[in-house]
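Dumping the structure here so I can ask a few things about it.
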Amino acid sequence: MSFSAWVTAHYEEKGPVKWLAFALELVAAVTLFLLMVLTCADVFGRYFFDNSVDGATELTEIGIAILVFAEMPVITWRGGHVVVDILDRMLGSVLLKVLGLLSAFLMSSSLYFLGERIYFLAARSMRRDEVTEYLELPVGLIIQYIAVMSWVTAGAMITYGVYRLLFLSRD
Amino acid sequence: MTVALIGFAILLVLIVIVRIPIAFSMGIVGFFGFAYMQGLTFDNMGDFRWTGSLSMAAKRVVDTAQEYSLSVIPLFILMGNLVTKSGLSHELYRASNAFLGHRKGGLSMATVVACGGFSAICGSSLATSATMAKVAMPPMRKYGYADSLATASIAAGGTLGILIPPSVILVIYGLLTETSIRELFAAGFIPGFMGILLYLCAVRYVVWRKPEAGPCGEKLTWPERMEALNGVWGVLILFTIVMGGIYMGIFTPTEAAGIGAGGAFLIALSRKTLTFASLFDILTDTGRTSAMLFGVLIGALIFSNFINRAGLPSDLLAFVQGLDVSPMMVIFAILGIYIVLGMVFESLSMMLLTVPIFFPLVHSLGFDLVWFGIVVVVVTEISLITPPVGMNVFVLSAVLRDVKASTIFKGVTPFWCADIVRLILVTLIAPISLFLPELLYR
Amino acid sequence: ETVMRVASWLPPTHPQNAVVWPTWGKWVEEATEGRVKIKIEYGMGHPKTMFELVEDGVVDASFSYHGYVPGRFKLTQVVEQPGLGVSAEAASIAHWRVNEKYFTKANEHDGLVLAALFTHGPGQIHMAKPIDSLSDLKGKKIRIGGGVQGEIGKRLGVTAVGAPAPKVYEMMQQGVIDGVFIPMGEQKTLRLKEVARNVVALPGGMYLGSFSMFLSPDFMDSLSEKDRKAVMSVSGEKLSALAGRAWDAGDAEGYVAAKEAGVNLNEVAADGAMAKEFKSLAKGMDDAWVSHVTDRGVDAKAALTELRSIARSYGK
Ligand code: NA
Ligand code: NA
């Protein structure tokens with residue numbers, strides 16, 4: 001199977017969104033795999049070679065943030081967040097779509113405003129030269145990444161997420 | 001207290017009726033509730049200084065996404081997914097069946113044990129129910145087991161794993177209440193195995209009342225039994241290394257999760273069940289689940305900031321002290337609330353909603369938070385098989401299209417009773433959960 | 001009546017929460033004739049987050065350890081340099097005065113109203129297993145809180161493990177770390193006497209740890225001019241001294257608690273082998289710090305000299 005066919009088979013998304021989903025998930029997958037390798041290397045190094053990986057803690061912290069926020073847009077536009085759906089059968093499909101739209105709007109706008117504040121915090125942290133303790137990596141960069149990904153999530157939800165909700169949901 | 005209760009009522013409306021994802025509902029109510037506590041009214045919305053509330057929420061996002069101890073979540077889930085994909089469920093079932101299958105109700109008992117073992121590592125009740133349904137249902141049908149007993153043992157067995165460590169739910173509880181994750185894991189051990197034993201009793205009870213529900217299977221010889229064990233050594237060793245390593249202080253839960261995932265990766269590699277595509281699936285599936293869990297966790301932390309600022313925990317304490325009932329009565333009242341909520345909510349949502357509210361009260365009444373964590377997880381496990389909304393039951397009836405949810409719920413009743421017995425025992429006899437942490441760490 | 005919400009993060013029994021905040025709260029209440037009261041809130045997040053929570057008005061006041069935010073606070077390490085050899089009280093007063101005179105223009109506490117600067121008592125070595133010389137520490141896993149400790153750790157060749165102080169007990173117990181550099185008081189408040197049963201107390205300790213207490217500018221703006229002045233009148237040097245004194249008292253209690261618990265306490269004499277070893281190891285750290293902070297545009301050398309003379313002559 002060609003690579004492009006594999007991506008098409010693997011992702012329910014349409015058109016370019018499919019490639020965005022793949023790119024984001026590739027980042028997440030690689031990060032998670034490296035997190036696993038890093039933790040193992042750190043433990044093995046510590047117990048067998050008396051030398052742990054320098055800054056493993058910092059790298060782990062950064063790794064989780066990359067992982068979680070790379071997946072955030074995908075799970076959000078796919079409607080993958082935990083929803084309590086006990087009333088679904090009583091509500092009717094039109095009302096459900098309306099409520100879905102309301103959710104999409106609330107999620108996007110809260111992520112947009114949150115992202116704005118997070119971006120501000122990132123800029124402030126960079127202005128003050130805050131770095132990590134051991135590797136002295138700029139703390140602001142990863143905060144900036146979280147802010148940008150919050151915006152990506154908000155943007156993708158209000159566009160593709162809404163499109164998916166209105167035209168692609170199976171029921 | 002009124003403000004917090006109104007906030008909680010609004011939250012329930014948003015979650016249940018308006019159907020906003022629970023992470024965002026908690027975040028939004030927490031955000032506006034906190035703003036209200038800082039003086040927001042309808043009149044000053046335009047020129048209100050939102051910085052405080054925004055920064056509170058933003059800092060929770062930024063800090064939680066980079067919390068070192070939370071890396072256990074993706075890593076333990078990764079371990080579970082790797083183990084699931086490497087076909088372990090089959091072999092665990094085969095091994096337990098080799099020892100128990102020939103008894104009356106034996107296939108059911110084997111299912112319970114296999115579910116316990118599998119979900120212990122996998123950690124997800126729903127995944128356990130779905131996988132074991134495919135593995136254990138065909139043989140039970142072949143031997144003429146009643147659908148109600150067969151499905152109920154899978155549905156109930158699937159709930160076991162969220163308590164038997166490693167447990168992601170206990171990690172989240174530990175984070176919300178600042179309790180030692182290692183002690184929680186140790187505390188979950190005995191109640192978890194007690195759950196298996198009581199479920200076995202429930203199976204015995206069913207076949208005692210209705211022998212035709214669970215006829216005997218074939219009896220295997222000892223060499224055959226030993227042979228069946230072969231397939232599960234890898235995973236038994238992995239479990240021993242992970243849990244033993246934590247208990248003996250060789251590594252932290254975080255490191256254990258990394259080692260566990262690495263070990264599961266090697267097991268999967270050695271079984272030649274991994275391709276690049278399936279590895280990619282496992283990694284991304286883990287990533288999606290983790291992102292979802294981080295979402296609800298961040299929401300819960302923002303919500304709990306509001307609950308604390310509104311003074312609910314201290315007001316609740318004052319209220320309870322005014323009632324002049326014994327602390328144990330308070331605990332039973334809380335458990336009653338959980339059982340009722342359990343009809344509607346599944347485990348994670350229920351815990352996230354209630355723990356921030358109850359744990360300060362429980363703590364100030366002088367109870368041990370590790371013990372309370374176990375009690376909470378046991379009661380949330382029950383919610384997974386409590387009608388009308390029992391997630392495990394639903395998953396099962398979705399996987400086995402020809403079995404009605406009502407049949408499963410009927411079959412689950414004895415197991416539900418076994419759970420209630422366990423809940424009462426764990427609540428009244430604290431050492432059941434605290435014995436191991438005391439022995440190991442205190 | 002205004003309630004000032006103080007976010008705190010050490011255990012409620014810690015001198016900072018049991019003595020410093022309540023005492024200051026009483027001073028504030030008296031100075032404002034009861035118009036401002038304080039209320040302590042726990043569980044607001046990681047200690048390093050307190051700086052920003054206060055700056056943005058999430059809470060009205062808090063305290064934190066400068067070493068938790070590497071890169072932002074460099075000048076505050078002036079008081080942490082090895083070899084000062086004084087009590088926390090003396091060091092805290094010197095810390096405040098020198099900051100007022102030399103460092104305010106560098107504005108490291110940007111966005112905050114500074115209420116006090118103080119230090120904990122002398123940082124000592126707390127280990128699970130005994131050591132006979134400092135070179136035994138090579139390769140050992142030591143929890144480092146940040147600040148000057150990091151440099152000392154590097155010079156000792158330890159494997160540094162970063163974590164906030166409240167996590168130390170669990171990490172010790174788990175064997176994730178072999179030891180920790182921390183003042184004596186934590187033998188009691190963080191219950192280290194149960195897990196770190198071998199203490200090496202160097203004369204004057206290895207280093208001091210710099211803390212600040214700070215107020216939210218928004219909160220201060222919400223007060224009347226009169227109350228603002230009243231709050232500040234019981235802060236500054238007076239509050240710094242109070243905090244230093246309380247942490248000194250905490251150290252004394254920790255010392256007693258460790259003794260009672262039968263902790264193996266090696267009190268190294270001024271001319272003891274380990275004291276000499278440490279002295280040669282720490283040589284030049286102060287100069288390194290001075291050149292490290294040249295980008296701040298202050299006279300660091302003069303500040304360090306003046307801090308030492310104030311601290312060492314205090315109370316004499
Ligand atoms: Na588990
Ligand atoms: Na339920």
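First the proteins, then the strands, lettered A, B, ... as listed; each starts at 1. Because the structure is predicted, anything quoted here is derived from the model rather than measured.
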### Query
What residue, out of B:S69, B:P74, B:A257, B:A65, has the most heavy-atom pairs lying under 4.5 Å from chain A?
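Maximum pair count with chain A is reached by B:A65.
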### Task
Determine the option with the most heavy-atom pairs under 4.5 angstrom with chain A, choosing from B:G27, B:S290, B:G258.
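The residue among B:G27, B:S290, B:G258 with the greatest pair count is B:G258.
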### Task
Counting only heavy atoms closer than 4.5 Å, note whether B:A277 contacts chain A via side chain, backbone, both or neither.
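Contact with chain A: backbone and side chain both.
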### Task
Starting at OG1 of A:T60, measure out to CD of B:E255 and round the result to the nearest 0.5 Å.
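One finds 9.0 Å between OG1 of A:T60 and CD of B:E255.
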### Query
Do you know which of B:T64, B:V62, B:I15, B:D285 has the most heavy-atom pairs with chain A at a distance under 4.5 angstrom?
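Of the candidates given, the most pairs with chain A belong to B:V62.
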#### Entry: A:E133 CD to A:T57 OG1 distance, which is reported to the nearest 0.5 Å
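These two atoms lie 10.5 Å from each other.
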### Task
For each of B:L75, B:V296, B:T289, tally heavy-atom pairs with chain A at distances under 4.5 Å, and name the one with the top tally.
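Max contact count across the listed options: B:L75.
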### Query
Measuring heavy-atom distances to chain A, does B:D281 have an atom under 4.5 Å in its side chain, in its backbone, in both, or in neither?
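The answer is the side chain of B:D281.
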### Query
Does any heavy atom of chain A fall under 4.5 Å from the side chain of B:F265, the backbone, both, or neither of them?
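Only the side chain of B:F265 comes within 4.5 Å of chain A.
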### Query
What residue in B:A57, B:S55, B:A261 has the most heavy-atom pairs under 4.5 Å with chain A?
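Highest number of heavy-atom pairs under 4.5 Å: B:S55.
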#### Entry: Atom group of A:I64 that falls short of 4.5 Å from chain B, counting heavy atoms
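A:I64 touches chain B through backbone and side-chain heavy atoms alike.
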### Query
Quick one: what part of B:L54 sits under 4.5 Å from any heavy atom of chain A, side chain, backbone, both or neither?
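Both the backbone and the side chain of B:L54 come within 4.5 Å of chain A.
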### Query
Taking 4.0 angstrom as the limit, do A:E12 and A:K18 come out as a salt bridge?
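Here A:E12 does not pair with A:K18 in a salt bridge, since their nearest N and O are not under 4.0 Å apart.
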### Message
For A:L26, which atoms come within 4.5 Å of any heavy atom of chain B: side chain, backbone, both, or neither?
### Response
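Answer is both: backbone and side chain atoms of A:L26 are under 4.5 Å from chain B.
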### Message
Given heavy-atom pairs under 4.5 angstrom as the criterion, report whether the side chain, backbone, both or neither of B:I17 touches chain A.
### Response
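Interface part for B:I17: both.
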### Task
Could you label the plane-to-plane angle of the A:W151 and A:Y112 rings as parallel, tilted or perpendicular, counting under 30° as parallel and over 60° as perpendicular?
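A:W151 and A:Y112: tilted rings.
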### Task
Please state whether the side chain, the backbone, both or neither of B:I20 comes within less than 4.5 Å of a heavy atom of chain A.
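It is both, since atoms from each part get that close.
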### Task
Can you tell which part of A:L96 gets under 4.5 Å to a heavy atom of chain B, answering side chain, backbone, both or neither?
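The side chain, not the backbone.
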#### Entry: Interchain contact, A:L111 with chain B, by part (heavy-atom threshold 4.5 Å)
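Side chain only.
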### Message
Can you confirm whether B:T284 sits close enough to A:E71 that some side-chain heavy atom of one is under 4.5 Å from a side-chain heavy atom of the other?
### Response
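When only atoms from C-beta onward are counted, A:E71 and B:T284 do touch, with a gap below 4.5 Å.
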### Task
Could you tell me which of A:M90, A:R78, A:M72, A:H81 has the largest number of non-hydrogen atom pairs under 4.5 Å with chain B?
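Top count of heavy-atom pairs under 4.5 Å with chain B: A:H81.
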### Query
With only heavy atoms counted, which part of B:Y68 is less than 4.5 Å from chain A, the side chain, the backbone, both or neither?
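Interface part for B:Y68: both.
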### Task
Flag the one option from A:L121, A:L35, A:V30 with the top tally of heavy-atom pairs under 4.5 Å to chain B.
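Option with the greatest count: A:L121.
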### Query
Do NZ/NE/NH1/NH2 and the carboxylate oxygens of A:E130 and A:R124 come within less than 4.0 Å?
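No salt bridge links A:E130 with A:R124.
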### Message
Just checking A:F33 against B:F280, ring centres under 6.0 Å apart?
### Response
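No, the ring of A:F33 stays outside the 6.0 Å limit from the ring of B:F280, centre to centre.
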### Query
When you look at CE of B:M45, are more than 12 heavy atoms from neighbouring residues, nucleotides or ligands closer to it than 6.0 Å?
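Enclosed: over 12 neighbouring heavy atoms sit under 6.0 Å from CE of B:M45.
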### Side chain, backbone, both or neither of A:F69 within contact of chain B (heavy atoms, under 4.5 Å)
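Side chain of A:F69 only, per the 4.5 Å heavy-atom cut-off to chain B.
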### Task
Could you tell me whether the side chain of A:E58 and the main chain of A:L135 form a donor-acceptor pair under 3.5 Å?
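Checked: pair present.
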### Query
Is the OH atom of A:Y119 crowded by more than 12 outside heavy atoms at less than 6.0 Å?
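Incorrect, the count does not exceed 12.
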### Message
Which one wins on heavy-atom pair count under 4.5 Å against chain B: A:V37, A:L32, A:I146, A:L102?
### Response
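Highest number of pairs under 4.5 Å: A:L32.
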### Neighbour count above 12 (heavy atom, 6.0 Å) for A:Y11 OH
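Yes, enclosed.
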### Message
Just checking A:W6 against B:F276, ring centres under 6.0 Å apart?
### Response
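No, the ring centres sit 6.0 Å or more apart.
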